[in-house]
Each structure stands twice: as structure tokens, then as C-alpha cells.
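Step one of this worksheet: look at the structure below.
Each chain gets a letter, A, B and so on, in the order the sequences are listed, and its residues count up from 1.
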There are 2 protein chains.
Amino acid sequence: MTSSFDPSTFRWEGVEEKPYKEGGGWEGVTRFPLAARSGFEVRYFEIAPGGYSSLEKHEHPHVVIALRGRGRALVGREVVDLAPFDLVETPPLAPHRWVNAGDQPFGFLCTVAAERDRPQPLSEEELSALAADPETAPFIRRG
Amino acid sequence: MTSSFDPSTFRWEGVEEKPYKEGGGWEGVTRFPLAARSGFEVRYFEIAPGGYSSLEKHEHPHVVIALRGRGRALVGREVVDLAPFDLVETPPLAPHRWVNAGDQPFGFLCTVAAERDRPQPLSEEELSALAADPETAPFIRRG
């Protein structure tokens, strides 16, 4: 029920690294399940320099709290810069992608409901709208 | 949907401080609701030097991740020392109390299910057992 954190490795005792997900469209992402209790799951994700998560949307919200490094996120039509302890929530069906924006690992906590829908790809209309905006366009050129 | 963290104040933009709870049995605790989404709530608690939370138990689990300072927790019959990013889960009906064990604020994230039972006081038997163990006795002499 207790797991010590090792600052020298930025890892939790007894918490195993898991594959981020199957399929493509992402790079350099690892996943660490910290807790899975009644109703919700707390996970730690880490994105290597140059890495990025899959571009997706789903009904269930993410509650993200940055822990280390620098990140940049697409959330809906907005771009958000993330430093440690910054908080971001993804609204239902908002397209989102997390990107490492620095030269150190970018790590964050992500809490989700235990019962949740599967991620979906974006529609052609969503991709076109994001491609037309110079700020969000870089987020759809990856993967 | 986004809240920047200010490291100089250790506070989140737009997140208001709320009372910890009504009644007595605790000291120097503040509560900051960070997110309340479908199925779960993420809160940040901060305990001032010398402070401690209420001694209680309930069916719903807490998932706690320390963020700042030094803490010490009673969890069931065990005492756990907490430094930043250490992880603790409280099992169902395990008596627990969080104590500031340093001279700086002790802060931690605590995630709970949205639907949860109310905290209960400990039974006389539980209090006697904790009082009889020199390690746990200090936790029941407060409040």
C-alpha cells in the first residue's frame, strides 16, 4: 500500500514500467500504473525528449498534473505549456496530445475513471481545422 | 480546464483554499480542490508545521502522493514516513492520520472516488490497540 519514490531515478519502488499502448502514432512514451482503486486509476507517464503521445479523443476526462521536465499539450483547439505541478483537464471528446518540449524527460500524473471509453482517432474535419491553425498544426504532423 | 502552478507560492491559479472539515481533532490543515470529474476527485492538502489531520477510517480508499515537505502517516497499524512523490494508499477501514513531520508545509495530492462513505471515528478497541504500540501511540494523543 506504500511505495517510496527514488529521486535519483525518478521511479517508485515496486512500480513496473508498462507499454504505453499498441499501435503507432506515438514515440518515447512509458506508462507506470501507480494505483488502481475503486472508481479511478492514477498513472505516471513519461515522455522522452523528442517524444509524443498518440493524437486522440474520448468521452472520459484526463486530469493531468505535470511532475518533471517541460511539456506542451494540444487540448481541443488550444496549446498549453506545462511545467511541474501545472494542472490540465481534457474535456469530453477534446482532441489531445502530450509532447516533450524540453531536453529532459517530461513526466506527468494522469488520473482517469476506471470505467472509460476507448480512444478514437480524430475526424477529417477535426484534423483539417487543426492543420489550418499555425499554432496547432505542429501537433498533427507527428506520428 | 488549465491551471498554472506558481512555485513561489506553491499554489494553483484560480484554485481556492477551502476549509479542511468541520469539527475538531485536527490542526493546521487546508484543502484545495484541483479537479472533480466523473468518478473521482483530486485534491491538494497542506498541513502546517505542527499540524495534523483528523484520525478517521472509511470504506473508500485514499491515493496519496506527497508533493512538498516531510510527513508521517498512520495507516492501519503502520507508520509511514513521506517525502515528495512517495505514494500511499489507505485500505478500506484502515485508521489513518497525516502529520507534518518537518518545519516546512507538508503538502500532498489525495485522490478519492466521487461516491464515497463518510469518515467514522475509531472504535475503543482500535484506539486501545494503537495506544499500546509505542510507534503508533503518538498518533492518537493528538486532537
When heavy-atom pairs shorter than 4.5 Å are enumerated against chain A, which of Val15(B), Leu67(B), Val42(B) gives the highest number?
Leu67(B)
Proximal component of Pro84(A), with respect to chain B [non-hydrogen, under 4.5 Å]
backbone
Quick check with a 6.0 Å cut-off and a 45 degree axis cone: is Arg70(B) positioned over the face of Phe106(B)'s six-membered ring?
no
Any Lys/Arg nitrogen of Glu16(A) or Arg31(A) sitting under 4.0 Å from an Asp/Glu carboxylate oxygen of the other?
no
Most contacts with chain A, counted as non-hydrogen pairs under 4.5 angstrom, among Val63(B), Leu109(B), Asp86(B), Asp6(B)
Asp86(B)
Val112(A) versus chain B, heavy atoms under 4.5 Å apart: side chain, backbone, both or neither?
backbone
Electrostatic pair Glu46(B)-Arg11(B), nearest N-O below 4.0 angstrom:
yes
Less than 4.0 Å between a side-chain N and a carboxylate O, is that true for Arg116(A) and Glu41(A)?
yes
Do the charged groups of Asp81(B) and Arg72(B) touch, with an N to O distance under 4.0 Å?
yes
Checking heavy atoms, do the side chain of Val88(A), its backbone, both or neither come under 4.5 Å from chain B?
both
Residue selection (most heavy-atom pairs with chain A, distance under 4.5 Å) from Glu115(B), Glu78(B), Glu89(B)
Glu89(B)
Which one, Thr111(B), Val75(B), Leu34(B), Val64(B), leads in non-hydrogen pairs under 4.5 Å with chain A?
Thr111(B)
Is it the side chain or the backbone of Tyr44(A) that comes within 4.5 Å of chain B heavy atoms, both, or neither?
neither
Residues Asp117(B) and His58(B): side-chain donor-acceptor under 3.5 angstrom:
no
Angle between ring planes, His96(A) versus Trp98(A), binned at 30° and 60°: parallel, tilted or perpendicular?
tilted
Engaged part of Leu82(A) at the chain B interface, taking heavy atoms whose separation is under 4.5 Å
neither
